[in-house]
Amino acid sequence: MESTLCVIHVFYVSFQECSKKQKNDDTQSTSVDALSSNDGTEEKNEFDTLANAKILLSDCLACDSCMTLEEGARVFQQNQKEFFRILNLNKKCDTSKHKVLAVSICPQSLPYFAAKFNLSVNEAAKKLCGFLKSLGVHYVFDTTIAADFSILESQREFVQRYQRRNQEEHALPMFASACPGWIRYAERVLTNLVTSHICTAKSPQQIMGSLVKGYFARQQNLSPDKIFHVVVAPCYDKKLEALREDFYTALYNSPEVDCVLTSGEIVQIMEQKNVSMKDVTEVAVDSLFDDLKEGDVVRHDGNRSDGYLEHIFKHAAKELFGMDVKEITYKALKNKDFQEVTLEKDGETVLRFAAAYGFRNIQNMVLKLKKGKFLYHFVEVLACPGGCLNGKGQAQTEDGKPDKALLSQMEEVYTAIPVRLPEANLHVQRMYQDWLEGMDSKKVQDTLHTTYSAVNQTTSSLDIKW
């Protein structure tokens, strides 16, 4: 009972003020036991020996100050125990309560498993698939196809915003929408100053939710609520993203993503079950299409993320100015996590993009926007310094600091993965026509897009001093 009271206390007092005022190296972190519905009367099962997941509030980049009491309770229920509850449910005789268990793996998680266990990225993907299926998972997917959709929709939206820039005040700049920590911060702290500039394309995680609970469910003749969809991701903020009300199918009382586990939480499961990766049988990763299996792992442009900046930049250069950009040159400004890219035509700078990673750079970016000194047309914003590979759900030492040696290995693994352009994915092009009813359809808007808006806070964002 004490841990539950602790959670209530933390979230009751924290909704008053943004804790990002505090220094990032604040050493006073509060840990909270994951909430559990087990009151001691629940039947014991083979997963009871696994420890409850614990999450440090400092691990969540969106921070506890951005969560309500109800959200706090729900985010801490997204742990291994919920995953095991479904696995155990599927072992019981009452088949009416069984769920099809699908796990989707983010591409930035695979380099972590590859580097940690000294595997190639393709071996890591297949062994991770084999391990999950040995637990009782039915399908294991790669979310790269969801990132394809997200990037394509972001490209189209940027071109449209650029063309409307003289008619609409908030058309530009456009901010990327893939990072849930950044989105949470923008909605809860920065409010209307920023939210109208955020790209409306859903993140890869939530598009994957639409694919699994929509397209795949239909292909398998399943009701969405009969699928329990888990995402393996590099950061804890993905747990918060899965709770958004706009990512929920009310008709079937079913969220698009039921549970998010970090890469580190998957490793904890392996360790607690005494599983060695070298002994795990390799199993090919599933695809969303009939009985096809995924081939070798591919990625998008960009060394530490899904590459929104590079893909949108090249697409805009071609669509708006008829220029084919093969290679992009980054110019580091204040630090390696704040870089810019420009396109010159006839001696004039026609496109100016930036990548801003980490809250320090985000804060500097917002200050420029407030002062009316913002020169950029697009910014790829990520809450984690170093990008998605450096998510706090992986590559951390025991004392919660980045494992720099492991992270360096992960970056090498990631950059060595072959790049595939979203436009080159024939499955995506086919799904636009067969499932989404065309690229300009209402179904595309309903399925692949959302809206972001300010959430009223008791503390004015204008009072925050960084």
*Decide yes or no on side-chain contact (heavy atoms from CB on, under 4.5 Å) for T262 and Q394, but give the supporting numbers first.*
CA-CA 7 Å; T262 66; Q394 60 185 24; over 6 Å; no
*asked:* Let's go through L288 and Q219 carefully: what are the C-alpha distance in whole Å and the side-chain angles of both, what is the deciding distance for side-chain contact (heavy atoms from CB on, under 4.5 Å) to 0.1 Å, and is it a yes or a no?
replied: CA-CA 9 Å; L288 296 166; Q219 296 296 105; over 6 Å; no
*Between L261 and F83, is a side-chain contact (heavy atoms from CB on, under 4.5 Å) present by the stated rule, with each step listed?*
CA-CA 9 Å; L261 298 177; F83 176 51; 4.0 Å; yes
*List the steps, then state whether side-chain contact (heavy atoms from CB on, under 4.5 Å) holds for F158 with C199.*
CA-CA 8 Å; F158 176 78; C199 177; over 6 Å; no
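Inter-residue side-chain proximity for V159 and H315 is flagged as met; some heavy-atom pair is nearer than 4.5 Å. At least one side-chain heavy atom of N390 sits less than 4.5 Å from a side-chain heavy atom of P402. The shortest side-chain heavy-atom distance between K226 and Q220 does not fall under the 4.5 Å cut-off. Considering only heavy atoms from C-beta on, L389 stays 4.5 Å or farther from P234 through its side chain. Between L448 and Y432 the shortest side-chain heavy-atom distance falls below 4.5 Å. Side-chain contact between Y112 and V267: present, with at least one pair of heavy atoms (C-beta onward) separated by less than 4.5 Å. Using a 4.5 Å cut-off on side-chain heavy atoms (C-beta onward), D306 and P107 make contact. Contact check for R156 versus M439: side-chain heavy atoms found under the 4.5 Å cut-off.
Enclosure of atom CG in D399 by more than 12 non-hydrogen atoms of other residues, nucleotides or ligands within 6.0 angstrom is indicated. Within a 6.0 Å sphere centred on CD of E245, other residues, nucleotides and ligands contribute 12 heavy atoms or fewer. In the displayed structure, K334 atom NZ is contacted under 6.0 Å by at most 12 heavy atoms of other residues, nucleotides or ligands. Other residues, nucleotides and ligands contribute more than 12 heavy atoms inside 6.0 Å of the CG atom of N166. By the neighbour-count criterion of 12 heavy atoms within 6.0 Å, atom CD of E344 is densely surrounded, having more than that number from other residues, nucleotides or ligands.
For the atom pair CE of M323 and CG of L351, the computed distance is 9.0 Å after rounding to the nearest 0.5 Å. Atom-to-atom distance recorded for C129:SG and D286:CG is 5.5 Å, nearest 0.5 angstrom. Note that CE of M410 and CZ of F113 are 9.5 Å apart. Values are rounded to the nearest 0.5 Å. Distance OG/S154 to CG/L309: 11.5 Å, rounded to 0.5 Å. Between the OG atom in S223 and the NZ atom in K213 there is a gap of 9.0 Å [rounded to 0.5 Å]. Interatomic distance, CG of D246 versus OG1 of T451, reported as 6.0 Å (0.5 Å rounding).
With hydrogens and angles disregarded, no donor-acceptor distance shorter than 3.5 Å links the side chain of R164 to the backbone of H170. A side-chain donor-acceptor contact under 3.5 Å links N79 to the backbone of K81. Counting only distance, with no hydrogens or angles, the side chain of N122 and the backbone of V297 share a donor-acceptor pair below 3.5 Å. Judged purely by atom type and a 3.5 angstrom limit, H377 uses its side chain to pair as donor or acceptor with the backbone of R352. Listed for the K443 side chain is a donor-acceptor partner under 3.5 Å among the backbone atoms of W435. A donor-acceptor contact shorter than 3.5 Å is absent between the side chain of E82 and the backbone of D258. Side chain of D225 to main chain of S254: no donor-acceptor pair is present (N/O by atom type, distance under 3.5 Å, no hydrogens or angles). Within the 3.5 Å criterion, the main-chain N or O of E340 finds no donor-acceptor partner in the side chain of K331. With hydrogens and angles ignored, the 3.5 Å screen pairs no side-chain donor or acceptor of S210 with any backbone N or O of G214. T415 contributes a side-chain N or O that, together with a main-chain N or O of E411, makes up a donor-acceptor pair within less than 3.5 Å.
Pairing each heavy atom of S287 with each of F141, the nearest pair is O-CE2, 3.4 Å. Residue S196 comes nearest to N192 through the heavy atom pair OG-O, 3.9 Å, listed as atom of the first residue, atom of the second, then distance. Looking at every heavy atom in both residues, S109 comes nearest to A233 through OG-C, 3.4 Å. When all heavy atoms of E241 and S203 are compared, the closest pair comes out as OE2-OG, 2.5 Å. Taking all atoms of both residues into account, the shortest heavy-atom contact from M174 to I312 is CE-CD1, 4.2 Å. The minimum heavy-atom distance linking S177 with I198 is given by the pair CB-CG2, 3.7 Å.
By the 6.0 Å and 45° rule, R165 stacks over the aromatic ring of Y162.
In summary, of the residues considered (Q205, Q206, H229), a side-chain hydrogen bond (donor to acceptor under 3.5 Å, both in side chains) with E256 occurs for Q206 alone. Tested against N361, the residues N335, L382, V379, V381 include a single side chain to side chain contact (heavy atoms under 4.5 Å, CB included) partner, N335.
At a cut-off of 3.5 Å, with distance as the only test, no side-chain donor of Y236 or Q78 sits close to an acceptor on the other residue.
Legend: residues meeting ring pair (Phe, Tyr, Trp, His ring centres under 6.0 Å) with F289, ordered by chain and number and at least two apart, are Y215, H427.
Side-chain rings of F175 and Y452 stay apart, their centers remaining 6.0 Å or farther from each other.
Under 4.0 Å is where a charged nitrogen must lie from a carboxylate oxygen, and between K314 and D301 at least one such pair does.
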Throw together a table of side-chain donor-acceptor distances under 3.5 angstrom for residues 143-152, partners on residues two or more places apart or in other chains.
from	atom 1	to	atom 2	distance (Å)
T143	OG1	I105	O	3.4
T144	OG1	D142	OD1	2.8
T144	OG1	D142	OD2	3.2
D148	OD1	H300	NE2	2.5
D148	OD2	R420	NH2	3.1
D148	OD2	N425	ND2	2.8
S150	OG	K202	O	2.8
S150	OG	Y308	OH	2.6

